[in-house]
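A quick write-up on the structure given underneath.
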Amino acid sequence: MGFAEDAKETADTAGRKIQDAWEDTTDRIGDKIDEMKAEADVKKAEAERDSVVKRNELKESLRGDDR
């Protein structure tokens, strides 16, 4: 019986390690996705800001508000 119990314990330990590794991997993937989304949001906001600045500069030059 000792051999069967050892084999079962070893299998259980291996299963837990595999599950932990899987959970760590999925967490890392989720973190990377969140990071990429945040970077995209920043780039979008910067592009929108630049667009507004250019639009305002154009409006000022058309009004003759050059300073």
Charged N to carboxylate O below 4.0 Å: is that the case for R16 and D20?
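No, R16 and D20 are not salt-bridged.
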
Pairing of K43 and E46 as salt bridge, 4.0 angstrom limit
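Judged by the 4.0 Å cut-off on N to carboxylate O distance, K43 and E46 do not form a salt bridge.
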
Go through the steps to decide whether R55 and V52 satisfy the test side-chain contact (heavy atoms from CB on, under 4.5 Å), and finish with yes or no.
CA-CA 5 Å; R55 186 173 45 233; V52 169; 3.2 Å; yes

With a 4.5 Å cut-off on side-chain heavy atoms, are D50 and K54 touching?
no

Starting at [atom1] of [X], measure out to [atom2] of [Y] and round the result to the nearest 0.5 Å.
X   : Y   : atom1 : atom2 : result
K32 : I29 : NZ    : CD1   : 12.0 Å
K8  : T13 : NZ    : OG1   : 10.0 Å
L62 : E57 : CG    : CD    : 12.0 Å

Whether T26 side chain and W22 backbone form a donor-acceptor pair below 3.5 Å:
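Answer holds: yes.
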
With a sphere of 6.0 Å drawn around CD of E23, does it hold more than 12 non-hydrogen atoms of other residues, nucleotides or ligands?
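Yes.
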
